Amino acid sequence: MRKLLFQSLLQAPLTEPAPVADEAALAELAGQVDRAARRRLGRSLAIREIDAGSCNGCELEIHALNNSFYDLERFGIRFVASPRHADVLLVTGPVTKNMREALQRTYDATPAPKWVVAVGDCAADGGMFAKSYACAGGVSAVLPVDLHIGGCPPRPVALLKGLLALLQSAAVGNSS
Ligand code: SF4
């Protein structure tokens, strides 16, 4: 025990170096998302995150948008606690059979205009869980999906780029 303690004092931490902060690029991207949301909605964007059955890897990246590094709220983009306050449903994971009805109800409770963004490879088609008896499929098996952001998991910047593409796309203007 004493040897282990001594070793841990001498060894360097086994962690990856922090990513290089590109504050200007992040600010520009988040600012673009906010401006696009204001053009579309007349206000900033409200996002409701739904875990429909993910391994939580995608959630870690989504939560990172709110940490002190990305700090998305400073640009006015908010995660909300209720679908009734949301513009975008950010859905992760394969949809499990247990979550299918809850996901549908959440969608029904979201006022129009509303957009569904499927986040991560599992959200596309069930990913590595597709063959599970508990899996109902990707998000599009339950809801109309406006955008899919791929990756396992997608990084926070990819999430921001996806939101920007969603707001800028012509299809957004036609969504209900
Ligand atoms: S895409 Fe990857 S990180 Fe996201 S839920 Fe699936 S396995 Fe987990």
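Keep in mind that what you see is a predicted model, and the values were worked out from it rather than measured. Both counts, for ligands and for their atoms, begin at 1 and track the order of listing. Every heavy atom of this structure was used, including side-chain atoms; hydrogens, water molecules and symmetry mates were not.
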Give the table of side-chain donor-acceptor pairs shorter than 3.5 Å for residues 118-143, with sequence neighbours excluded, one pair per line with atom names and distance.
unit_1, atom_1, unit_2, atom_2, d
D121, OD1, G151, N, 2.8
D125, OD1, G127, N, 2.9
S132, OG, A134, N, 3.0

Requested in this report: Go through the structure and list residues passing side-chain contact (heavy atoms from CB on, under 4.5 Å) with L147, not counting sequence neighbours.
Outcome: V117, I149, L166

Requested in this report: Would you name the heavy atoms of W115 and D146 that are closest together and state the gap between them?
Outcome: CA-OD2, 3.2 Å

Query raised in the report: What atoms in ligand 1 come closer than 4.0 Å to a heavy atom of G151?
Result: 1 (S)

Report summary line: Of all heavy-atom pairs linking A52 and V91, the shortest is CB-CG1, 3.9 Å

Query raised in the report: Are there any protein N/O/S atoms under 2.8 Å from atom 6 (Fe) of ligand 1, and if so, which?
Result: C122 SG

Query - Option among L89, I62, L163 that satisfies the side chain to side chain contact (heavy atoms under 4.5 Å, CB included) test with I47 - result: L163

Query raised in the report: Of all residues at least two apart in sequence or in a different chain, which pass the side-chain contact (heavy atoms from CB on, under 4.5 Å) check with A46?
Result: R78, V80, D87

